[in-house]
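Down below is the structure, laid out as structure tokens.
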There are 2 protein chains.
Amino acid sequence: MPDTTDERPYHHGRLRAALLDAAERRMREQGADQLSLRDLAREIGVSHAAPRRHFPDRQALLDALAEDGFTRLDTVLRTALTGADKDFPSRVRATMTAYAHFATENAALLELMYAGKHRPGGTRIVKAAEAPFELMNELLVEGQAQGALQPGALDRIGIILLATLQGIAAIINGNIVERELLDDLVDTAIDQFLRGARPLP
Amino acid sequence: MPDTTDERPYHHGRLRAALLDAAERRMREQGADQLSLRDLAREIGVSHAAPRRHFPDRQALLDALAEDGFTRLDTVLRTALTGADKDFPSRVRATMTAYAHFATENAALLELMYAGKHRPGGTRIVKAAEAPFELMNELLVEGQAQGALQPGALDRIGIILLATLQGIAAIINGNIVERELLDDLVDTAIDQFLRGARPLP
DNA sequence: CCACAAAGTAGACGGTGACAACAAAGTCGT
DNA sequence: ACGACTTTGTTGTCACCGTCTACTTTGTGG
């Protein structure tokens, strides 16, 4: 009778993915600064030095986490956008609401993504971060085409739009204002934006 | 001849203040997570356990730093406001510009202030955080009295205003957009806000 | 089939936050 | 003026963490 015990194989096989998964869960529970490589290794069941094979140091793992966050955010925004109505206000509302929820449900991850403390020459993250901005820009171009936005300075308006959302998420994640206000705040922010950015009559 | 060497006295006398000062400077240089109590103690010239007398643990020092940051921010905003013209747009512009500069020149501190990872039951920070919000609210009440703002929902508008600034600062501190764009972004954000919040004709 | 690369292990080092036991200095009542 | 008490700083210790080096196991391609 062969060995039927569930001894772990010497090679985990999916260690990198397992690390990212565990890290992301721990981040949600404890925040980024409490995240310990040795802890993750223990939880997964490998030795304390195993993560080093996949991430040269702790920051590398955090960077990978952040990069992953941006791509996840991008897909969230795009799916929200495809499920929305055709008119510009609906599309803006859908996108911004999706962003706000992602940002408040992944607070620590968001903080990491915008931390800017990334590896010097960390082009990959910046690259991944461009996707959501690109999306926002496409949306605004649409809006301009529909005549809902005054022409010109699109990039700055897009940045401000994203910044507002980011700010709302930040003060909610920081317990400065109650979480229940989130949807209210997003709604009024959008109203303000639409009123402020539409063409002069 | 008495002892004229500059031996440190056994009691530092201002250790708490010295710690906060050193911590704040180090934060500006290295960020909050790189901040080490032992490092601070070394720099000041006390033993590694001395800080414990003034801050029971590391987080307590960070909390004190954050609280201090809010009061400093409040005074910055108030002085900017008193030096501004009487009309509402000028006052908004002065306040928001001051906020934006404070936020980008004290990036790590701001992150700490809005981190929300404070001591459970940390009422003091929330209390200190209320001051800037209060100021913003007063300003908006003024604006309403001057007829520059539509009536109603002032608190939400104030929160959004602050959030927008916070967001702009965040994406600049995170190197998502170039620092040179700061003033431009603030200006257009204010324009948008004033256009979006003014009474319907 | 075997050399070699990839992936995981074991052990060590310096640094850190927290804690306990102790020492010096200030303070205050008598 | 002086002794008890409190405050503030010191020394030593512990567990934990990230990182590094050297070693072992496993998979793979010539």
Side-chain angles (χ1 to χ4, degrees), chain A residues 2-3 5-23 25-27 29-66 108 112 115 117-120 122, chain B residues 2-3 5-23 25-27 29-66 108 112 115 117-120 122:
Chain A
D3 188 357
T5 63
D6 56 355
E7 287 172 8
R8 264 178 262 279
Y10 191 92
H11 280 78
H12 182 285
R14 302 172 173 273
L15 184 51
R16 189 190 149 95
L19 282 169
L20 287 176
D21 277 10
R25 188 166 35 74
R26 277 240 145 93
M27 280 253 296
E29 298 165 359
Q30 318 174 353
D33 45 353
Q34 294 298 326
L35 197 146
S36 146
L37 293 182
R38 286 172 113 105
D39 235 7
L40 296 180
R42 264 191 296 273
E43 174 183 330
I44 296 177
V46 295
S47 79
H48 68 269
R52 195 153 167 35
R53 293 290 157 197
H54 301 274
F55 304 100
D57 61 5
R58 195 185 117 104
Q59 187 59 41
L61 184 142
L62 295 183
D63 285 3
L65 231 40
L112 206 60
K117 240 337 191 182
H118 311 308
R119 187 52 40 60
Chain B
D3 189 356
T5 63
D6 56 354
E7 288 171 5
R8 263 177 263 280
Y10 191 93
H11 281 80
H12 182 285
R14 302 172 173 273
L15 184 51
R16 189 190 148 95
L19 282 169
L20 286 177
D21 277 9
R25 189 166 35 74
R26 279 252 148 103
M27 280 253 295
E29 298 164 359
Q30 318 175 348
D33 45 353
Q34 295 299 326
L35 198 147
S36 146
L37 293 182
R38 286 173 113 104
D39 237 8
L40 296 180
R42 264 190 296 272
E43 173 182 330
I44 295 176
V46 295
S47 78
H48 67 266
R52 196 160 160 52
R53 293 290 160 201
H54 301 274
F55 304 99
D57 60 4
R58 195 185 118 103
Q59 187 59 41
L61 184 143
L62 295 183
D63 285 3
L65 230 41
L112 206 60
K117 239 334 190 184
H118 310 307
R119 185 54 38 62

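As the structure is a prediction and not an experimental result, all values here were calculated from the model.
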Those residues at least two apart in sequence (or on a different chain) that pass side chain to side chain contact (heavy atoms under 4.5 Å, CB included) with A/Arg25 are A/Ala22, A/Glu29, A/Glu43

CZ of A/Arg16 to CZ of A/Arg53: how many Å apart, nearest 0.5 Å?
-> 15.0 Å

Whole-Å distance separating the CG atom of A/Leu37 from the C1' atom of D/dC16 = 13 Å

Going by heavy atoms in the side chains, are B/Asp33 and A/Asp33 under 4.5 Å from each other?
-> no

Atom CG of A/Leu61 to atom P of D/dG18: distance rounded to whole Å?
-> 10 Å

Of the nucleotides D/dT8, C/dG17, D/dT19, which one has an atom closest to the side chain of A/Arg38?
-> D/dT19

Nucleotide C/dA7, atom P - distance to CG of A/Leu19 in whole Å | 13 Å

Rounded to the Å, how far apart are B/Gln59 CD and C/dT16 P?
-> 18 Å

Spacing of A/Gln34 atom CD relative to D/dC16 atom C1', expressed in whole Å | 12 Å

Spacing between B/Arg53 atom CZ and C/dC19 atom C1', to the nearest angstrom | 11 Å

To the nearest Å, how far apart are A/Arg42 CZ and D/dG18 P?
-> 9 Å

Check whether any side-chain heavy atom of A/Leu35 lies under 4.5 Å from a side-chain heavy atom of A/Met27, and answer yes or no.
-> yes

Check whether any side-chain heavy atom of B/His54 lies under 4.5 Å from a side-chain heavy atom of B/Leu15, and answer yes or no.
-> yes

Given C/dG8, is OP1 or OP2 found less than 4.0 Å from the side-chain N or O atoms of A/His54?
-> yes

Does any residue of residues 45-52 of chain A have a heavy atom under 4.0 Å from DNA chain D, and if so, which ones, in number order?
-> A/His48, A/Ala49, A/Arg52

Between A/Leu65 and A/Phe55, is any pair of side-chain heavy atoms under 4.5 Å apart?
-> no

Ignoring the backbone of B/Asp57, work out which of D/dG18, C/dA18, D/dG9 is nearest its side chain.
-> C/dA18

Closer than 4.0 Å, any side-chain N/O of B/Ser36 to the OP1 or OP2 of C/dG15?
-> no

Across all chains, not counting sequence neighbours, the salt bridge (Lys or Arg N to Asp or Glu O under 4.0 Å) partners of B/Arg42 are B/Asp39

Nearest-angstrom distance from the residue atom CG of A/Leu40 to P of C/dG8 | 14 Å

